[in-house]
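Contents: one structure, followed by commentary.
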Amino acid sequence: MSADRGELHELGVAALAAELAAGRVTSEALTKHLLARIADHQQLGAFLCTDAGPALRDARASDARRAAGQSRGPLDGVPIAHKDIFVTTDFPSTAASRMLVGAAGGYRSPFDATVVARLKEAGSVALGKLNCDEFAMGGSNENSAFQPALNPWDRTRIPGGSSGGSAVAVAARLIPAATGTDTGGSVRQPASLTGVTGIKPTYGRCSRFGMIAFASSLDQAGPIARSAEDCALLLQAMSGFDARDATSAQQPVPDLAAALRAPREGADAARPLAGLRIGLPQEFFGEGVAADVAGTVRAALAEYERLGATLVDVSLPRTELSIPVYYIIAPAEASSNLSRYDGVRYGHRSERYTDLLDMYRRSRSEGFGAEVKRRIMIGTYVLSHGYYDAYYLQAQKLRRMIADDFQAAFAHCDLIAGPVAPTVARALGSQTDPVAEYLTDIFTLPASLAGLPGMSVPAGFGAHGMPVGLQLIGNYWQEAALLQAAHAFQQATDFHLRAPEGF
């Protein structure tokens, strides 16, 4: 494809890397083109801020490196953006919360999050910060303190959350890729609802240093992009041990881009996935899944069979328990993590108060939104004296059982597949019951609780022409296997190439 200015935004990471390497476009020209496009589509609510100053500075530096024969690799000069959960030196960090917005427009970090720093070291050009649910708490992006992000396939519908701004920006062709975070499905679910590709790696694969914490034992960074190939390029740069993060794993990072094309033993061009066993949990295909979603997922699985994979039945018997388990553990950790925002050391301080206790109460009441307050209250309750053993401790025991269920299933298969979400994207403002909203996480929560890698792959379209994602879940440290399976599917289909009308 030509690198004509009118087509630059249609290219993904790998394609842009090829254009930059061939000298058909400069990073500066590409950055200016995408910044103009972002400005033209502000109504989508994907970005919370952009800044041409540091973006063009980094783009020009990339062009200079390339001219000197010192390119840093495929990401050098490629524009991206970061979910506003990662702290950055070049942009304010707010976690989409009024708690972190001051007179300067947002908290300014003296350092970059490790994920941000590693992508910067790889040469990528950050254009700004992306909208999300406040402190990453939510599945719709309606909990942002500023504005909801709008699904570009239908602007009356949610894009999913909490990484909704990241998914919208990629789906609307504002940027080729973005960072996100996944605590209970917050990369996979918005990727599914907006028709893009997203992967949550194994817990510990990417450093959490510099991520504004929600639930520390669950939060994990992951990329959102057009394709598995693009996700592999970002995840490669993002991953690796970080001594500043106590939960970072000392695990070698494989060459993920090479793994995409590595031939499987016994496979051929017609059947590239020969020998791959894909497990289908009966619990993922029950009555709670809408018929249009189930049909689309089944059609995608049929394509996997044509590519040589074998489908096998497995069971994850504690799937339904993942919801109460998650909504005890995650709020408990949120209650602890967000206690630092008290108006003294961190965050918003109320202008009117009578004493110290009143300052705490007013500052937190004014700074936090409804969903964050709800989760803090739940978490404080389950950690309180008399309830810790009854709720939190029992939830942790069940969490281990859920992880054991996955290991029993993996004895019979290599990957597990199913829907990402039970329905396509719902209408904005159509869900007022928070418990009902929590139920939509049922298929993403189990892998998060177990710390397993999972991804969403565009699989087709359901009701109202809205995208449907296929979820793939791998065993620990098997991101390469997930990406290879997703890439083979994307080589045989074009769902990941389709763009919303007008974009």
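FYI, the numbering just counts along the sequence from 1.
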Is there a side-chain contact between [X] and [Y] (heavy atoms, below 4.5 Å)?
X	Y	value
Pro467	Val424	no
Leu193	Pro159	no
Phe443	Ser322	no

Do any N or O atoms from the side chain of [X] and from the backbone of [Y] form a donor-acceptor pair under 3.5 angstrom?
X	Y	result
Arg37	Ile175	no
Arg173	Ala171	yes
Thr444	Gly184	yes
Asp405	Leu316	no
Asp230	Ala14	yes
Asn141	Gly165	yes
Asp414	Arg277	yes
Ser140	Gly161	no
Asn151	Ile158	yes
Asp182	Gly185	yes

Checklist line | Audit row: Thr197, Gln490, side chain to side chain donor-acceptor pair (under 3.5 Å) steps and yes/no | finding: CA-CA 10 Å; Thr197 307; Gln490 291 180 339; 3.0 Å; yes
Using the test salt bridge (Lys or Arg N to Asp or Glu O under 4.0 Å), find all partners of [X] that sit at least two apart in sequence or belong to another chain.
X	answer
Arg298	none
Asp494	Arg498
Glu437	Arg426
Asp242	Arg244

Notebook entry, point to check: Can you tell which of Ser162, Ser186, Ser166 makes a side chain to side chain donor-acceptor pair (under 3.5 Å) with Lys83?
Noted result: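 Per the side chain to side chain donor-acceptor pair (under 3.5 Å) rule, the option paired with Lys83 is Ser162, out of Ser162, Ser186, Ser166.
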Notebook entry, point to check: Are Thr179 and Leu119 close enough, and set up right, to give a side-chain contact (heavy atoms from CB on, under 4.5 Å), and what steps lead you there?
Noted result: CA-CA 10 Å; Thr179 57; Leu119 287 168; 3.5 Å; yes
Checklist line | Test log, rule side-chain contact (heavy atoms from CB on, under 4.5 Å), inputs Val468 and Phe495 | finding: CA-CA 10 Å; Val468 174; Phe495 301 121; over 6 Å; no
How many angstroms lie between [atom1] in [X] and [atom2] in [Y], if you round to the nearest 0.5 Å?
X	Y	atom1	atom2	answer
Tyr476	Gln407	OH	CD	5.5 Å
Ser315	Gln282	OG	CD	4.5 Å
Leu445	Leu218	CG	CG	9.0 Å
Lys129	Phe86	NZ	CZ	9.5 Å
Met466	Asp292	CE	CG	11.0 Å
Phe489	Leu472	CZ	CG	9.0 Å

Margin query: Show me the pairs that pass side chain to side chain donor-acceptor pair (under 3.5 Å) and involve residues 251-274, at least two apart or across chains.
Written below: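 Listed by first then second residue: Glu229-Arg261.
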Notebook entry, point to check: Which is it for Asp441 and Ile323 under the side-chain contact (heavy atoms from CB on, under 4.5 Å) test, yes or no, and what are the steps along the way?
Noted result: CA-CA 7 Å; Asp441 298 334; Ile323 295 175; 5.7 Å; no
What is the minimum heavy-atom distance between [X] and [Y], and which atoms define it?
X	Y	value
Leu483	Ala228	CD2-O, 3.6 Å
Asp84	Ala96	OD2-N, 4.0 Å
Gly138	Arg375	N-NH2, 3.5 Å
Val115	Ser207	CG2-O, 3.8 Å
Thr26	Leu20	C-CD2, 3.7 Å
Thr493	His496	O-CE1, 3.4 Å

Note to self: Pair Gln431, Glu142 - check side-chain contact (heavy atoms from CB on, under 4.5 Å), show working.
What the structure shows: CA-CA 10 Å; Gln431 183 56 269; Glu142 293 173 295; 5.7 Å; no
Note to self: Taking Asp58 first and then Lys120, would you say they form a salt bridge - that is, a charged N and a carboxylate O separated by under 4.0 Å?
What the structure shows: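 No, no charged N to carboxylate O under 4.0 Å.
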Check: Thinking salt bridges, do Arg118 and Glu121 make one under a 4.0 Å N-O criterion?
Finding: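 No salt bridge links Arg118 with Glu121.
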Notebook entry, point to check: Do Glu333 and Ser217 have a side chain donor and acceptor closer than 3.5 Å?
Noted result: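 Indeed, the side chains of Glu333 and Ser217 share at least one donor-acceptor pair under 3.5 Å.
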Margin query: With no hydrogens and no angle check, just 3.5 Å: does a side-chain donor-acceptor pair link Asp63 and Ser27?
Written below: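 No, Ser27 and Asp63 have no side-chain donor paired with an acceptor closer than 3.5 Å.
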Next item on the list: Please work out whether the ring planes of Tyr326 and Phe214 are parallel, tilted or perpendicular, with thresholds of 30° and 60°.
Entry: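 Tyr326 vs Phe214 ring planes: perpendicular.
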Using distance only, find each side-chain donor-acceptor pair of residues 450-462 under 3.5 Å and give its atom names and separation, not counting sequence neighbours.
| residue | atom | partner | partner atom | Å |
| --- | --- | --- | --- | --- |
| Ser456 | OG | Ser192 | N | 3.4 |

Note to self: Please determine whether the number of non-hydrogen atoms from other residues, nucleotides or ligands lying under 6.0 Å from atom CD of Glu320 exceeds 12.
What the structure shows: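 No, not enclosed.
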